[in-house]
2 protein chains.
Amino acid sequence: MTDAPSGTVLSATCPSRAALEVVGSKWALLIVPLLARQPLRNNELLRQVGGISQKMLTQTLRELERHGLVQRIDHQTVPPHVEYQLTALGQSLSEALVVVDRWAERHFAAVASARMAFDRRR
Amino acid sequence: MTDAPSGTVLSATCPSRAALEVVGSKWALLIVPLLARQPLRNNELLRQVGGISQKMLTQTLRELERHGLVQRIDHQTVPPHVEYQLTALGQSLSEALVVVDRWAERHFAAVASARMAFDRRR
DNA sequence: CAGCATCCGGGTTGATACTG
DNA sequence: CAGTATCAACCCGGATGCTG
């Protein structure tokens, strides 16, 4: 990402930026809350997160792992048994996301109707 | 988006999904908190949000407006003077986002070092 | 079961130029 | 100042097929 030319401010500041990248991912937003409940395996995630492809799942999980939010636990058995669970850092994030989730649930209707009203007048 | 085949659950549920789209936008996450402080004009946003292009800015603002989060105020003057400010709905969202922002600021270092450690072992 | 490699179509983004 | 239009580049993400 091109770094902010001077004049950029506060919440748009570099530090938050980097961490916000994590949140920017549509799928991460869905996966983290799921894992907050309990560790899950690849296939379970595949099922529970509707509409995600195997590719995107692995990709997102890797990214979450990379950012220290998720821990990959390979039980080293045949057939393979791998579990994903949140790290302490991941859990702290999930607590923040819960707030957003709650907002989404509470205000979903308002957003939907705003959108319909807006689209109608176009 | 292909809708979730049965078996999908809770936070991955339709309602949250739709509202989460708003949050999914990288730029919205930066713009909303900025507007929470005070209404801003196009150019001010362009400056304060580092790295965004005019196109993306307009596009994101339209989307936020469409979702009922931002209100566009055209003062009908020459030269043009347009301000963007959060609606009540937008402000309620910003409160949720503040939590995420705070998380980002607080845990930025941890994320960064996790990433470096991860990348090193590749 | 978990996951990688590959191909590839389409949506998203940036650059540039132009309008009111 | 605020914004649109256009075009090309790029990357995302799905589908498929294969491995341990």
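No experiment lies behind these values; they were computed from the predicted model shown. Chain letters run A, B, ... following the sequence lines, proteins first and then strands; every chain starts at 1.
If you measure from atom CD of Gln54(A) to atom P of dA2(C), you get 8 Å, rounded to the nearest angstrom. Counting to the nearest Å, the P atom of dA2(D) and the CD atom of Glu65(B) are 15 Å from each other. Residue Leu45(A) contributes atom CG, which lies 9 Å from atom P of dA2(C) at whole-angstrom precision. Protein atom CG of Leu57(A) is 11 Å distant from nucleotide atom P of dG14(D), rounded to whole Å. Atoms CZ (Arg47(A)) and C1' (dC1(C)) sit 11 Å apart, rounded to a whole Å.
Minimum heavy-atom separation, Ser94(B) to Val32(B): CB-CG1, 3.7 Å.
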Letter by letter from the 5' end, nucleotides 7-14 of chain C scores (B base, S sugar-phosphate only, - none; protein heavy atoms under 4.0 Å) B-----BB
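Residue Arg62(A) has a polar side-chain atom (N or O) positioned under 4.0 Å from OP1 or OP2 of dC4(C). When the side-chain nitrogen and oxygen atoms of Asn42(B) are compared with OP1 and OP2 of dC1(D), none of them lie within a distance under 4.0 Å. In this structure, Arg41(B) reaches the dA2(D) phosphate: one of its side-chain N or O atoms is under 4.0 Å from OP1 or OP2.
Take Gln54(B) and apply the side-chain hydrogen bond (donor to acceptor under 3.5 Å, both in side chains) test, not counting sequence neighbours, and it matches Thr58(B). By the salt bridge (charged side-chain N to carboxylate O under 4.0 Å, His left out) test, Arg66(B) pairs with Asp119(A), Glu63(B), sequence neighbours left out. Scanning for side-chain hydrogen bond (donor to acceptor under 3.5 Å, both in side chains) contacts around Ser92(A) gives Trp103(B), with sequence neighbours left out.
At a non-hydrogen distance threshold of 4.0 Å, Pro80(A) from residues 73-84 of chain A come into contact with DNA chain D.
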So Ile73(A) and Gln85(A), side chain to side chain contact (heavy atoms under 4.5 Å, CB included) or not? Walk me through it.
CA-CA 8 Å; Ile73(A) 296 162; Gln85(A) 69 173 52; 3.4 Å; yes
Quick one, Leu64(B) with Val22(B), criterion side chain to side chain contact (heavy atoms under 4.5 Å, CB included). Give me CA distance, side-chain angles, the key distance, then yes/no.
CA-CA 8 Å; Leu64(B) 289 174; Val22(B) 187; 4.2 Å; yes
Before you tell me yes or no, could you show the steps for Val49(A) and Leu57(A) under side chain to side chain contact (heavy atoms under 4.5 Å, CB included), namely the whole-Å CA-CA distance, both residues' side-chain angles and the distance that decides it to 0.1 Å?
CA-CA 9 Å; Val49(A) 181; Leu57(A) 177 59; 5.6 Å; no
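With a 4.5 Å cut-off on side-chain heavy atoms, Val82(A) and Asn42(A) do not count as touching.
Contacts classified as salt bridge (Lys or Arg N to Asp or Glu O under 4.0 Å) and involving residues 79-95 of chain B (residues at least two apart or in different chains) are not found.
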